[in-house]
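Data block below; observations after.
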Amino acid sequence: MNRFYVTTPIYYVNDAPHVGHAYCTVNADAVARWHRLRGDETKFLTGTDEHGQKVADAAAKNGVSPQEWTDRTSLRFREAWDALDVSYDDFIRTTEPRHFETVQKFLTQVYENGYIYKDTYSGLYCVSCEDYFTLEASDEGKCPVHGRPLTQMEEDNWFFRLSAFEDRLLEFYAANPDFVSPETKYNEAHAFIKGGLKDISITRTSIDWGIPVPWDDKHVFYVWYDALINYLTAIGYGRDDDEVQEWWPVSNHLVGKEIIRFHCVWWPAMCMAAGLDPVHHVQVHGWLLVGGQKLSKTMAAEGGVRLTDISPVLLTDEYGVDPIRYYLLRETALGNDGDFSLEGITARYNTDLANNLGNLVARVSTIVAGKCDGVGPLPQAEAPLRDAAQRAIADTTEAWNRFAPHHALEATWGLIGATNAYLENTAPWKLPAGDELRAVLGNALEAIRIVTILATPAMPSICQQIWERIGLTGSPTDGLVGDTAQWGLYQPTNPIVKGEPLFPRIKADS
RNA sequence: GGGGCCGUAGCUCAGUGGUUAGAGCAGGGGACUCAUAAUCCCUGGGUCGUGGGUUCGAUCCCCACCGGCCCUACCA
């Protein structure tokens, strides 16, 4: 039995979920669904990050307690994921007792291993930002954001001895060239380590909205330290339900490129410090850009992007869940930045979904209804379409296995194109009733059946619908893809259903 | 200041040290009529950002520059 553990970052609850969150989460979801389809025992974790100064501030600003604020905002994330058909197995909140327990166990271990020490943090502080800057990061001693002079501040902090892991991290990177992908992100992380690592402050005394340091109750852990450990909380690290041995060796983090440092440098070092192997794999994704600009809360606040237009829930209301999932997965190569636009959604929808897939199902259904009394004929063992199907199956499989949903869908759509072309060549609408006609339609239906299996990680609900329309019982997810995605297995038990268009075209002016 | 990324057909992007640089979409032409004015076939001379260098030969290697962007230690 293979296992597969995939995580998203836990999302920071100082604001509402937006498309950027959805992008990451839907990719993780599709990959998780693929692995379930392969028969892997799969665990898909997402959740919310609920500590830190910004959350406390956001709560205060809204006149509620931090706990109430996080309850409220965390719920919005779960609602968004429900709206997107996200099949997480576990939703973690960093304010949960289980997380307190794991964090304290984990960091106590690091402490006992001698990698945490107390020192005075002294740095340049910007009162407006309420944050420290290094001299290098500052604008010649002035705040790079506000331009006002930074003041020297001191605070007693506990420090993590990150510098002790420079060599071990470099060795680890050398020994694990697939640790981070895509390769450019691996290089980036590797280069950063080579550039030298400094110890980092991991606790705060200035706030109390956080997880207490077990050996020093004046301190709470800095939010990132607590946050990263969520990946271990969910598999029971340090608790009765400890399943770290089973899940950690097959762990995969899907993260945005801006948090490479935390996941590819700090986090493996922290694991090493606790006597644990680092996460198995970090898959980095790029950003969705709106009009070439980063899609972010900041931009929206400045009026650069209308936040209401990029709420995931509004998008699914407008275009449907599966089309949005398809767009997010298909439009941008995972690892690259991508354009996000309503025009792009419409284009993908009309061409790939309405014209290619939806129309294929419609035209085949109509001919079967008209010429075969609505009963789907069986495919041939040997058919011209068979090669196209096998190529699509192989390419799609390979792509999903390496975190490349865009390539997977491209490969699957290759079979849709081949099937449309096959229909042109065989012109079943001209054929008299008989074996030839039945063979052509059976082959086309078989291709459609295979498509629904291959595409179900991306569009679970539409694929189920198509499955039923072509007269099959059960679901595309019944059985393992290795067994079911093989030419020749189409065997309907129900009549073909013509039905309404699966994807009514979106008119250009709407 | 330091580190890194990107710049390829109208658009979005693939791609490789070597004869004619590719795909999808858009556009143009044709076919067909089963289908959601859908589908299928044909159609892509674009200084591969600019200027140098290495090389028998570079879009792909090196350097500089221009333009866009990211990280520099709490925004997917």
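Residue numbering restarts at 1 for every chain, and letters A, B, ... go by the order of the sequence lines.
Using a 4.0 Å cut-off, no side-chain N or O of Arg363(A) falls inside it from OP1 or OP2 of U36(B). Using a 4.0 Å cut-off, no side-chain N or O of Tyr11(A) falls inside it from OP1 or OP2 of A76(B). Applying the 4.0 Å criterion to OP1 and OP2 of U39(B), one finds that Asn356(A) has a side-chain N or O inside that range. OP1 or OP2 of U39(B) has at least one side-chain nitrogen or oxygen of Asn355(A) nearer than 4.0 Å.
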Each base of RNA chain B marked ( ) or [ ] if paired in-strand (Watson-Crick or G-U under 3.5 Å), | if paired to another strand and . if unpaired gives (((((((..((((....[...)))).(((((.......))))).....(((((..]....))))))))))))....
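For an aromatic pair to be called close, the ring centres must be under 6.0 Å apart, and Tyr186(A) with Phe179(A) fails this.
Between the CH2 atom of Trp287(A) and the C1' atom of C6(B) there is a distance of 14 Å, rounded to whole Å. Protein atom CZ of Phe192(A) is 14 Å distant from nucleotide atom C1' of C70(B), rounded to whole Å.
Counting any heavy atom pair closer than 4.0 Å across all strands shown, Ala362(A) reaches a base atom. Across all strands shown, Asn336(A) has heavy atoms under 4.0 Å from sugar-phosphate atoms exclusively, and none from any base.
Sorted by first and then second residue, the side chain to side chain donor-acceptor pair (under 3.5 Å) pairs involving residues 425-438 of chain A (not counting sequence neighbours) form an empty list.
Once the 5.5 Å centre distance and the 30° plane angle are applied, the aromatic ring of Trp429(A) is found stacked with the base of C34(B).
Ala164(A) pairs by the side-chain contact (heavy atoms from CB on, under 4.5 Å) definition with Tyr115(A), Arg161(A), not counting sequence neighbours. With sequence neighbours excluded, no residue satisfies ring-ring contact (aromatic ring centres under 6.0 Å, His included) with His99(A).
Between the side chains of Thr25(A) and Tyr11(A), at least one donor N or O lies within less than 3.5 Å of an accepting N or O.
Nearest nucleotide to the side chain of Thr351(A), out of C75(B), C25(B), U39(B): C25(B).
Near RNA chain B, defined here as any heavy-atom distance below 4.0 Å, the residues from residues 430-442 of chain A are Lys430(A), listed numerically.
We find that Arg76(A) and Glu79(A) are not joined by a salt bridge, their nearest charged nitrogen and carboxylate oxygen being 4.0 Å or further apart.
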Donor-acceptor list for residues 262-273 of chain A side chains, cut-off 3.5 Å, not counting sequence neighbours:
residue	atom	partner	partner atom	Å
His263(A)	ND1	Ile259(A)	O	3.1
His263(A)	NE2	Tyr231(A)	OH	2.7
Trp267(A)	NE1	His253(A)	NE2	3.0

